[in-house]
Amino acid sequence: MKFYIASDHAGFETKNYSIEYLRTKGHEVVDLGPSTNDRVDYPDFAKSVAKSVLSDSGSFGILVCGTGIGMSMTANKFKGIRAALCYCNFTAQMARSHNDANILCYGQRVVGVGQVESILDGWCESSFEGGRHSDRVKKIELD
Ligand code: RB5
């Protein structure tokens with residue numbers, strides 16, 4: 001899988017940990033920053049990942065902030081982005097298999113590294129089931 005990933009200062013360490021973990025598993029990961037844990041604004045990084053995912057068909061995004069909330073709120077402003085705030089393996093699996101989510105969000109202040117590995121495994125090992133879920137996902141877009 002190919003991922004674009006970014007964080008703010010509150011998600012910086014977990015972003016770096018996630019990159020290492022995914023690369024170890026053989027995934028391609030593009031780090032869109034930040035490169036230090038200096039204070040930054042999460043919407044700037046959420047927009048960067050959302051735009052990258054939209055312009056690279058089949059790719060996915062990962063956004064990490066303190067809670068994952070601000071990142072998911074920002075990314076979901078983009079038409080075609082379905083950003084899911086996940087906190088365990090099950091929610092990550094469901095985000096892919098039922099919601100066809102294309103951006104995974106989580107919070108460094110919410111989940112520990114063990115949980116992050118479990119979330120990433122759930123996401124990577126699942127795929128969209130289609131069928132009845134396709135009709136529902138289409139309805140997410142505003143009429
Ligand atoms: C930063 O303090 C924090 O507000 C941010 O990382 C995030 O949790 C926002 O949703």
Side-chain angles (χ1 to χ4, degrees), residues 1-129 133-143:
M1 285 177 160
K2 180 174 182 182
F3 291 94
Y4 293 93
I5 188 169
S7 71
D8 68 356
H9 52 288
F12 181 70
E13 288 81 13
T14 300
K15 186 250 303 173
N16 291 339
Y17 185 86
S18 302
I19 292 170
E20 271 184 48
Y21 184 71
L22 287 167
R23 285 184 179 155
T24 302
K25 296 272 176 180
H27 299 288
E28 182 182 353
V29 190
V30 180
D31 184 357
L32 296 181
S35 54
T36 71
N37 64 357
D38 291 348
R39 206 165 284 273
V40 291
D41 298 330
Y42 61 81
D44 297 332
F45 291 88
K47 288 175 186 177
S48 170
V49 165
K51 287 176 187 171
S52 297
V53 169
L54 288 173
S55 66
D56 188 356
S57 177
S59 69
F60 296 102
I62 299 176
L63 288 164
V64 193
C65 61
T67 58
I69 295 171
M71 288 296 201
S72 55
M73 290 171 82
T74 309
N76 277 318
K77 295 286 183 190
F78 287 77
K79 185 175 168 61
I81 291 296
R82 291 174 299 281
L85 176 54
C86 297
Y87 49 88
C88 65
N89 181 278
F90 180 70
T91 49
Q93 279 185 48
M94 289 297 108
R96 284 292 303 125
S97 59
H98 284 197
N99 308 114
D100 199 18
N102 49 13
I103 295 187
L104 168 63
C105 304
Y106 40 84
Q108 178 172 291
R109 294 171 179 163
V110 181
V111 295
V113 290
Q115 193 74 324
V116 165
E117 291 184 6
S118 177
I119 289 169
L120 291 171
D121 289 347
W123 181 278
C124 293
E125 289 164 12
S126 304
S127 54
F128 185 47
E129 288 175 13
H133 301 297
S134 291
D135 301 332
R136 294 168 183 160
V137 166
K138 280 183 199 137
K139 286 186 176 184
I140 293 174
E141 298 289 347
L142 294 177
D143 297 327

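This is a predicted model, so every value here is computed, not measured. Remember, it's 1-based here, ligands and their atoms both numbered in the order they're listed.
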Only pairs under 3.5 Å count here: list side-chain donor-acceptor contacts from residues 117-126, not counting sequence neighbours, and write none if there are none.
from   : atom 1 : to     : atom 2 : distance (Å)
Glu117 : OE2    : Tyr17  : OH     : 2.2
Asp121 : OD1    : Tyr21  : OH     : 2.7
Asp121 : OD2    : Tyr21  : OH     : 3.1
Ser126 : OG     : Gly122 : O      : 2.7

Pairs under 3.5 Å, N/O atoms on ligand 1 and on the protein: can you put them in a table with the distances?
from     : atom 1 : to     : atom 2 : distance (Å)
ligand 1 : 2 (O)  : Arg109 : NH1    : 3.3
ligand 1 : 6 (O)  : Asp8   : OD2    : 2.6
ligand 1 : 6 (O)  : Gly66  : N      : 2.8
ligand 1 : 8 (O)  : Gly66  : N      : 3.3
ligand 1 : 8 (O)  : Thr67  : N      : 3.0
ligand 1 : 8 (O)  : Thr67  : OG1    : 3.1
ligand 1 : 10 (O) : Thr67  : OG1    : 3.4
ligand 1 : 10 (O) : Gly70  : N      : 2.8

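Shown are Leu22, Leu32, Val116; of these, the side chain to side chain contact (heavy atoms under 4.5 Å, CB included) with Ile62 is made only by Leu22. A side-chain hydrogen bond (donor to acceptor under 3.5 Å, both in side chains) with Arg82 holds for exactly one of Asp100, Asn99, Asn76; it is Asp100.
Within the 3.5 Å criterion, the main-chain N or O of Val64 finds no donor-acceptor partner in the side chain of Gln108.
Relative ring orientation between Phe3 and His27 is described as perpendicular, the plane-to-plane angle rising above 60° on a 0-90° scale split at 30° and 60°.
Closest approach of Ala46 and Ala75 over heavy atoms only: CB-N, 4.3 Å.
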